[in-house]
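All ligand and atom numbering here is 1-based and tracks the order in the structure. Owing to the predicted nature of the structure, the values given are computational and were not obtained by experimental measurement.
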Amino acid sequence: MPRTRRNVWKLSQPWDDVLLWYARAVGELQTRPITDPTSWASLGAMHGFDRGLWTALGYIAQGAPLPPSAVQARLWQQCQHQTWYFLSWHRGYLAAFEAIVRSAVVKLGGPADWALPYWNYSTDVQSRRLPAAFADTKLPDGQDNPLFTERRYGRGDGTIVIDPRDVMLTALNERYYTGTGPNGATGFGGLKTEFSHFATAGDETHNYNGQLEGRPHNILHVRIGGFDPSDSQQVGLMTNPDTAALDPIFWLHHANIDRLWKTWLQQTLPRTARPDQFKNPADAGWLDGPRDRKFVMPRPDGTEYTFTSRDVTDTTAPALDYVYEEEQPPQPATPVLEARLERLGVAPGRAAEIAGAVVMSPLKEPELVGANDSVLRLNSPDVETAVRLDRGARNDLLESMKRSTLESATPHEPDHVYLNLENIKSPTDAAIIYVYINLPAGANPDDHPECFAGAVSLFGARKATAADGPHGGNGISESLDITAIVDRLHINDALGPELSVKFVAGTPNATDKITIDRVSIYRQGH
Ligand SMILES: [Cu+2]
């Protein structure tokens with residue numbers, strides 16, 4: 001029987017045994033020296049490490065030895081971001097962590113079936129609160145709570161306030177695991193890369209986030225970590241990939257992301273003519289990769305093992321041996337054509353029937369429809385830019401929409417439309433930005449959910465921006481599917497020669513130095 005990872009909000013509050021044992025085990029791991037691969041510090045360094053910062057924060061004691069450089073080179077700084085390995089690497093990482101925590105739980109006299117809980121923040125107001133076991137400074141017995149950290153600034157005063165826009169699960173609608181490349185779909189799980197600890201030097205095609213990584217994963221990191229308003233250079237542990245795994249809530253957040261991967265695999269469409277929808281990649285590059293550097297994990301006894309994506313595709317296999325309390329999608333995916341027909345007034349049942357009969361063909365190369373003029377600087381709480389649409393490309397797009405109606409003899413899928421934020425550069429990760437299309441002048445964004453294109457967080461952007469960083473200074477890029485927004489404009493005869501894109505600050509600004517090289521719109525047909 002696989003162990004069950006439970007929803008933290010369905011445990012008894014505030015101190016269910018699952019959380020109490022987690023706290024005790026974390027406390028025990030924190031006493032182990034960083035040279036021990038099962039220590040809290042070494043486990044955190046596997047995600048990311050920054051010697052100067054760690055020393056300043058007190059995670060490395062003055063003069064204390066570090067593991068030999070060969071060990072650091074194998075184990076540390078492995079986390080995979082902006083890549084199709086994002087989900088598989090983090091699953092293996094969580095499994096290794098969970099085994100080490102469980103072993104500590106057992107050693108302390110706790111249950112042998114202890115499993116990591118997850119934080120599902122996407123259900124209701126209550127679910128968006130930080131569970132009390134992480135917010136309380138003391139354990140029930142009066143000792144310091146190892147699950148609490150001061151370096152969780154949230155909105156600036158330590159209070160975590162998650163906006164409903166932060167936790168939307170639009171990624172679950174994405175049909176393909178792997179994107180087609182930059183400018184078009186980035187896929188549920190990200191673009192094809194080699195080992196990608198913050199992407200590949202000088203290769204701007206590899207700085208796009210997959211949809212689940214972008215939302216809600218990146219958003220929650222910054223929402224929880226935030227930054228210290230008295231010193232904007234000082235960001236919370238969760239805001240910086242080099243310190244994120246030092247916050248005990250990191251593991252419950254990632255368990256939820258891992259759960260959403262399982263959930264996505266259960267999505268279906270009325271008729272999936274293409275068998276690769278809602279499936280993991282069958283590509284050997286993903287299954288057996290990466291080739292250039294291995295994923296290495298420690299066992300509870302300190303020995304090491306390697307794994308590939310293939311080894312973690314089944315969570316009930318003996319090496320992983322877990323299921324989640326909830327694995328069903330909150331709502332079924334809607335075919336793009338069905339959504340479009342409903343917007344045109346076709347009754348839902350009939351729309352589903354028509355959409356279900358459509359044979360889906362592979363995605364074509366994305367085509368540029370328009371872009372803004374120059375580098376955009378996000379130097380005020382709301383900044384707007386105009387994207388002029390090329391006349392020919394705009395007509396092709398409208399043609400494709402016309403063909404996906406009832407009047408057409410063979411209705412087909414309309415083009416997908418993507419809003420790309422190319423090379424977002426920032427000296428800090430501490431920012432969340434809400435993106436709106438054609439928001440009426442002077443309107444309150446909250447009153448116009450139909451204009452909302454998505455939330456973007458700059459988690460990882462600082463390293464990706466540094467000229468000597470792994471991205472060679474290209475920053476990170478985001479792609480948002482705005483098909484429904486553009487279609488609604490088209491139906492209302494409101495799709496003009498340009499689109500206005502508005503960037504609304506979702507966090508107090510830590511800097512006015514955030515720039516976006518280009519804001520572009522691409523269409524991608526079938
Ligand atoms: Cu993360």
Report yes or no: is the cationic atom of Arg24 (NZ for Lys, CZ for Arg) under 6.0 Å from the centre of the six-membered ring of Trp21, at an angle within 45° of the ring normal?
-> yes
Under 2.8 Å from the Cu ion (ligand 1), which protein atoms of type N, O or S occur, listed by chain and number?
-> His217 NE2, His221 NE2, His254 NE2
Is there a donor-acceptor contact under 3.5 Å from the side chain of Asn256 to the main chain of Trp119?
-> yes
With a distance cut-off below 6.0 Å to the six-membered ring centre and an angular limit of 45° from the axis, does Arg5 pair with Tyr118 as a cation-pi contact?
-> no
Considering non-hydrogen atoms only, spot the tightest contact between Tyr93 and Ala245 and give its length.
-> OH-CB, 3.3 Å
Results of salt bridge (charged side-chain N to carboxylate O under 4.0 Å, His left out) for Arg129 - residues two or more places apart only = none
Closest non-hydrogen contact found for Asn420 with Asn183 is ND2-O, 2.9 Å
